[in-house]
Amino acid sequence: MSFRLRQFALATLMLPLMACSASAAEESADTVKAAFKTKFPQHEVSTVQPAPVSGLYEVVVKMKRGGREEFTVVYVDGKVDHLITGDLIDTKTRRSVTEARLDELNKVVVDWKSLPLAKAIKDVRGKGERQLVVFSDPDCPYCKQLERESLAKLDNVTIYTFLYPLAQLHPDAERKSRQIWCSKDPAQTWTAFMRSGTKLAGKDNCATPLAEIAALGEKLGITGTPALIFPNGTLVPGAIPLAAIEENLAAK
């Protein structure tokens, strides 16, 4: 479970539990939902259903993050006398049931046609028949890792890089982004800087789309870099390996 999706859980543990108001009612998803809403009225419940463990219910709670909705999962008993946070592990597969559920609930599907590709750095490899969008920060070490270890090995692809400097983490990233955008050949300048560490030079005072891209990233709920968007609308965060990129490029 990601750090941000634990925020609800940590906050909930600090709250005192009220008396159960549904003790006399037959236990069901509806009565569990009613009891949960009584005890935690500040949280919006999306769905309640039986959990994979007998006697437990999965409660999906809806939150707002940036410009979109996000969900977290907790588990309760039938009377909501006890609440469990954290990962539910399937011991047969050794995989987190909770993480898989959160991935399903929080999957971001982006309308590819709505992306302002003209405001991105365009890099065409080979015939450029495949397409990929990357939100990237010039001072982000994981972005550089992605460039060197994965993107550098792609062929027959057009990569659109949206400059997305995270000023709170990298105070000089915005200036570098402007320098890259203002250069004579942004794609070449970007590649040389990210993969070889070529020093940036030149002006940084031309018109840039940085503000518009920042607003777009916030709308999509992108809080870290790198973030990759594939033509089928799938958004994947992190410096994922080449095999994962190829798999997503092939997905319909």
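The basis for the numbers below is simple: all heavy atoms, side chains too, and nothing from hydrogens, waters or symmetry mates. Just so it is clear, the structure is predicted and the values come from calculations on it, not from any experiment.
Closest approach of T161 and S136 over heavy atoms only: CG2-CB, 4.0 Å. Of all non-hydrogen atoms in P138 and A173, the two that sit nearest each other are CG-O, 3.5 Å. Annotation for A29 and V48: closest pair CB-O, 3.5 Å, computed over non-hydrogen atoms. Here the shortest heavy-atom pairing between L88 and P52 reads CD2-CD, 3.9 Å. S183 and T189 get closest at one heavy-atom pair: OG-OG1, 3.0 Å.
With a 4.5 Å cut-off on side-chain heavy atoms, S177 and I180 do not count as touching. By the 4.5 Å heavy-atom criterion applied to side chains, L154 and L249 are counted as neighbours. In this structure, the side chains of M194 and L146 stay at 4.5 Å or more apart for every pair of heavy atoms. Here the side chains of L151 and I245 are in contact, with some heavy-atom distance below 4.5 Å. Contact of the F71 side chain with the M63 side chain is not registered, since no non-hydrogen atoms from C-beta on lie closer than 4.5 Å. The shortest side-chain heavy-atom distance between C140 and L166 does not fall under the 4.5 Å cut-off.
For Q188, the side-chain contact (heavy atoms from CB on, under 4.5 Å) partners two or more places apart in sequence, or in a different chain, are D185. Among residues two or more places apart in sequence or in another chain, the side-chain contact (heavy atoms from CB on, under 4.5 Å) test is passed with R175 by D172, R178, Q179, D204. In this structure A100 satisfies the side-chain contact (heavy atoms from CB on, under 4.5 Å) test with no other residue, sequence neighbours excluded. Remark: D90 engages K92, T93, V97 in a side-chain contact (heavy atoms from CB on, under 4.5 Å) (not counting sequence neighbours). Scored by the salt bridge (Lys or Arg N to Asp or Glu O under 4.0 Å) test, R195 finds E147 as partners (sequence neighbours excluded).
Under a hydrophobic clustering in which Ile, Leu, Val, Met, Phe, Trp and Tyr are joined whenever their side-chain heavy atoms come within less than 4.5 Å, directly or via other members, V157 and V110 fall into different clusters. One hydrophobic cluster, built from ILVMFWY side chains closer than 4.5 Å, cannot hold both L115 and V134; they sit in different ones. Residues I159 and W112 do not share a hydrophobic cluster, defined by chaining ILVMFWY side chains whose heavy atoms lie under 4.5 Å apart. Cluster membership check: V74 shares its hydrophobic cluster with Y57, using side-chain heavy-atom separations under 4.5 Å among Ile, Leu, Val, Met, Phe, Trp and Tyr. Hydrophobic cluster membership differs between V133 and L242, with clusters built from Ile, Leu, Val, Met, Phe, Trp and Tyr side chains linked at under 4.5 angstrom.
Residue V124 shares its hydrophobic cluster (ILVMFWY side chains chained together at separations under 4.5 Å) with no other residue.
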Q | Check against side-chain contact (heavy atoms from CB on, under 4.5 Å), I229 and L220 | A | CA-CA 11 Å; I229 302 177; L220 296 177; 4.0 Å; yes
**Q.** Residue pair K39, D81: steps toward the side-chain contact (heavy atoms from CB on, under 4.5 Å) verdict
**A.** CA-CA 10 Å; K39 295 186 177 185; D81 284 335; 3.5 Å; yes
Q | Residues I213, T208; criterion side-chain contact (heavy atoms from CB on, under 4.5 Å); working and verdict | A | CA-CA 10 Å; I213 301 308; T208 74; over 6 Å; no
Q. D139 and L169: side-chain contact (heavy atoms from CB on, under 4.5 Å), yes or no, with the steps?
A. CA-CA 9 Å; D139 278 343; L169 293 176; over 6 Å; no
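The list of ring pair (Phe, Tyr, Trp, His ring centres under 6.0 Å) pairs with a residue in residues 119-168, not counting sequence neighbours, reads F135-F162, F135-Y164. For residues 115-129, the set of pairs meeting the side-chain hydrogen bond (donor to acceptor under 3.5 Å, both in side chains) definition, not counting sequence neighbours, comprises K119-E212, D123-R125, E129-N156. Listed by first then second residue, pairs satisfying ring pair (Phe, Tyr, Trp, His ring centres under 6.0 Å) with a partner in residues 227-252 number zero, not counting sequence neighbours. Listed by first and then second residue, the ring pair (Phe, Tyr, Trp, His ring centres under 6.0 Å) pairs that reach into residues 170-212 come to none, sequence neighbours excluded. For the side-chain hydrogen bond (donor to acceptor under 3.5 Å, both in side chains) condition, the pairs that include at least one residue of residues 228-250, sequence neighbours left out, are R130-E246, N232-T234. Residue pairs meeting the disulfide bond (SG atoms under 2.5 Å apart) criterion with at least one partner in residues 167-210, sequence neighbours excluded, are C182-C206.
Within 6.0 Å of CZ on R148 lie more than 12 heavy atoms contributed by other residues, nucleotides or ligands. Other residues, nucleotides and ligands contribute over 12 non-hydrogen atoms within 6.0 Å of the NZ atom of K176.
Listed for the T225 side chain is no donor-acceptor partner under 3.5 Å among the backbone atoms of C143. In terms of modelled atom types and a separation under 3.5 Å, the side chain of T72 and the main chain of V61 share no donor-acceptor contact.
In this structure, CD1 in I222 is found 6.5 Å from CG in L216, a value given to the nearest 0.5 Å. The OG1 atom of T85 sits 7.0 Å away from the CG atom of L83 when rounded to the nearest 0.5 Å. The CD1 atom of I121 lies 8.0 Å from the OG1 atom of T191; values are rounded to the nearest 0.5 Å. In this structure, NZ on K62 lies 14.5 Å from NE2 on H43, to the nearest 0.5 angstrom.
A donor-acceptor contact closer than 3.5 angstrom links the side chains of S96 and D87.
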